Amino acid sequence: MSETADEKTVSDRGSGNIVFQNVSKTFRTPQKDVEALKDVDLTIESGDIFGIIGFSGAGKSTLLRMINALEKPSQGKVLVDGEDINTLSAAALRKKRKNIGMIFQQFQLLESKTVYANVALPLKLNRVPEEQIRRRVEEVLEFVELTDKKNDYPSKLSGGQKQRVGIARALVSNPSILLSDESTSALDPKTTNAILQLLKRVNRELHITIVLITHEMHVIQSICNRVAVMEDGRIVEQGSALDVFSAPTQQITKNFVRTVINDSVPGLLVEGIRRETRNYKILRLKFLDTETTESVLAAVNKKFDVETNILFANISEIQEKILGIIIIQIIGSDEEIRKGLAYFETSRVGWQEINLEDNVQKKEVIA
Amino acid sequence: MREVLEGFLGISLDKINASIVETVYMVSVSLIIATVFAFFFAVLLAFTRKGGIFQNLVVYNVLNVVINIVRSTPFVVLLVAVMPLTKALIGTRIGPTAAIVPMTLSSIPFMARLMENSLLDTGRGILEAAQSIGATPFQCIVYFILPESLGSLILSLTTGVVGLIGSSAMAGYVGGGGIGALIQNYGYSKFNFTLMYSLVVVLILVTQLLQTLGNKLAALARKNK
Ligand SMILES: Nc1ncnc2c1ncn2[C@@H]1O[C@H](COP(=O)(O)OP(=O)(O)OP(=O)(O)O)[C@@H](O)[C@H]1O
Ligand SMILES: [Mg+2]
């Protein structure tokens with residue numbers, strides 16, 4: 001009996017964990033060699049929504065395409081559920097790929113086939129009986145909320161609907177991993193959010209590990225629990241989304257974070273701060289629980305001989321947690337400030353002294 | 001009616017009918033044979049090239065060169081050059097059946113190139129989608145590339161037919177029969193310009209009709225009405 005979506009056992013399906021071991025990739029072209037990936041070590045855990053962000057040409061697609069062996073490493077290993085994907089026979093690789101769905105920026109649907117036929121195709125190639133195909137396709141179309149479009153051709157659909165078809169096609173064979181190559185980059189912001197929410201449901205309700213690449217930090221902020229930042233073929237920073245958003249270490253990461261949490265101090269305020277003659281420090285505070293924000297600041301003012309001014313405040317939601325970033329000016333003697341900092345620590349508020357000049361809003365240059 | 005037409009054209013309608021049947025015969029038989037070979041070669045060209053699903057540079061390069069050679073040989077030269085082959089295959093060098101040999105031969109590389117491009121037009125993206133769902137190379141071709149390039153293939157075929165009508169007229173000129181022969185033997189040589197231009201107009205109309213039909217079918221296959 002042929003292997004079908006609903007007959008897959010748990011062990012067949014795999015848990016969806018991916019390991020890159022020391023992976024490098026060099027593309028040899030007649031003009032020159034391009035080192036697209038350099039010594040990449042990366043672990044993506046089962047259940048993650050793992051975001052990979054970087055500028056164009058950083059090597060994101062190359063990295064992603066190694067997970068289903070559309071691209072082979074020049075060096076190193078890619079393990080999917082513990083199996084080295086590049087040592088599999090052609091037939092075993094095809095079987096493995098049925099476990100790894102993929103969606104694309106340009107959707108890559110068959111324009112000559114209806115929505116139903118597009119989604120049914122992976123099962124048809126597997127010679128699943130017609131009746132089973134029908135049931136499964138209807139199930140996934142319902143999941144992506146496209147039941148009413150099943151007899152339409154893709155040319156009649158909006159971008160968001162096309163991507164839903166893409167997602168349905170990727171899900172139909174019940175994979176454990178979903179790869180997304182800039183799947184929202186061709187969509188408007190509202191549609192982008194709808195697709196991201198759908199991906200979140202794919203992850204939560206169907207227990208599918210998602211690896212997505214993007215150049216928009218907003219995408220990472222909305223749905224990823226872990227993130228890796230790529231620059232020039234390397235992973236320069238990685239960690240939980242919360243950590244990376246609250247305390248980015250690399251300049252490129254700081255710039256990406258700033259596209260969603262603009263923690264720069266308005267120029268007008270800076271003038272006032274520069275005129276301050278008393279002793280002061282500028283601090284960047286990180287609150288993970290905003291209910292305490294005000295009380296902690298109030299307490300510092302009351303308990304110690306310091307004065308605090310809020311220069312900037314931002315509250316955002318990441319990984320379903322509230323992240324508050326507040327930049328304050330704290331005025332007082334070094335001794336009193338030190339006591340205040342100790343108090344922040346005992347109140348579990350992260351702090352970091354910053355150089356104001358790095359955080360001034362650049363005056364817009366009108367060209 | 002019949003007498004009026006025959007008087008106008010200066011030739012019996014039976015002769016015209018016979019020549020039309022001959023042309024249809026030459027074009028359709030050549031078309032069928034050429035399509036089969038051209039499609040086969042187009043698939044080979046598109047998939048054995050560098051980066052293709054069945055990459056095989058030896059096959060690709062040999063085919064590529066042969067096709068270029070045949071394609072750059074003018075049809076008139078080909079007509080004469082293949083005569084020994086025609087004689088061997090058909091048993092004679094003249095007549096409609098004999099004309100099918102050079103017509104088919106010149107049409108194969110022409111249509112193979114057009115079809116190759118149709119197949120290549122179906123971008124790498126769709127192929128990757130196919131590979132990502134675990135399709136075999138054969139399934140990639142049958143379930144992804146062919147249906148997606150069908151519209152474009154129909155257009156290539158249409159261009160092929162139009163080309164064949166042209167070469168059938170030329171073949172007629174050197175003893176191949178059909179409308180071409182009629183234009184030469186009863187129109188041009190006998191200074192019957194009414195007949196000549198009437199037949200030319202008919203050829204133009206038929207060509208237009210076929211092209212329109214091809215466009216319609218292609219649009220239908222592409223589902224973009
Ligand atoms: N098949 C190939 N042949 C040669 N060079 C390639 C090939 N594929 C990718 N590259 C090069 O490798 C580098 C990384 O490409 P990659 O597509 O992974 O970048 P990316 O981060 O996905 O960029 P983008 O955001 O533009 O999609 C680039 O310099 C690219 O030109
Ligand atoms: Mg890319």
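So you know, we letter chains A, B, ... as the sequences are listed, proteins then strands, and number each from 1. No experiment lies behind these values; they were computed from the predicted model shown. Note that these values count all heavy atoms, side chains included, but never hydrogens, waters or copies made by symmetry.
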Taking everything shown except [X] itself, do over 12 heavy atoms lie less than 6.0 Å from its [atom1]?
X: A:Glu142; atom1: CD; value: no
X: B:Leu120; atom1: CG; value: yes
X: B:Phe54; atom1: CZ; value: yes
X: A:Lys156; atom1: NZ; value: no
X: B:Phe40; atom1: CZ; value: no

Can you tell me which portion of [X] sits under 4.5 Å from chain B's heavy atoms? Options are side chain, backbone, both or neither.
X: A:Leu70; result: side chain
X: A:Lys96; result: neither
X: A:Leu109; result: backbone
X: A:Gln106; result: neither

From [X] [atom1] over to [Y] [atom2], what is the distance, rounded to the nearest 0.5 angstrom?
X: B:Ser132; Y: A:Asp181; atom1: OG; atom2: CG; answer: 11.0 Å
X: B:Ile133; Y: A:Ile100; atom1: CD1; atom2: CD1; answer: 13.5 Å
X: A:Leu110; Y: B:Leu146; atom1: CG; atom2: CG; answer: 11.5 Å
X: A:Phe107; Y: B:Ile126; atom1: CZ; atom2: CD1; answer: 12.0 Å
X: B:Arg222; Y: A:Glu111; atom1: CZ; atom2: CD; answer: 11.0 Å
X: A:Glu71; Y: B:Glu128; atom1: CD; atom2: CD; answer: 8.0 Å

Salt-bridge present (A:Lys113, B:Glu148; N to O < 4.0 Å):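 B:Glu148 and A:Lys113: not salt-bridged.
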Any idea which heavy atoms bring [X] and [Y] closest together, and the distance?
X: B:Phe144; Y: A:Leu125; value: CE1-CD1, 4.1 Å
X: A:Arg94; Y: B:Pro137; value: NH1-CD, 4.1 Å
X: A:Arg169; Y: B:Ala129; value: NH2-CB, 3.6 Å
X: A:Ser112; Y: B:Ala221; value: CB-O, 3.9 Å

Interface moiety of B:Thr136 toward chain A, non-hydrogen atoms closer than 4.5 Å: both
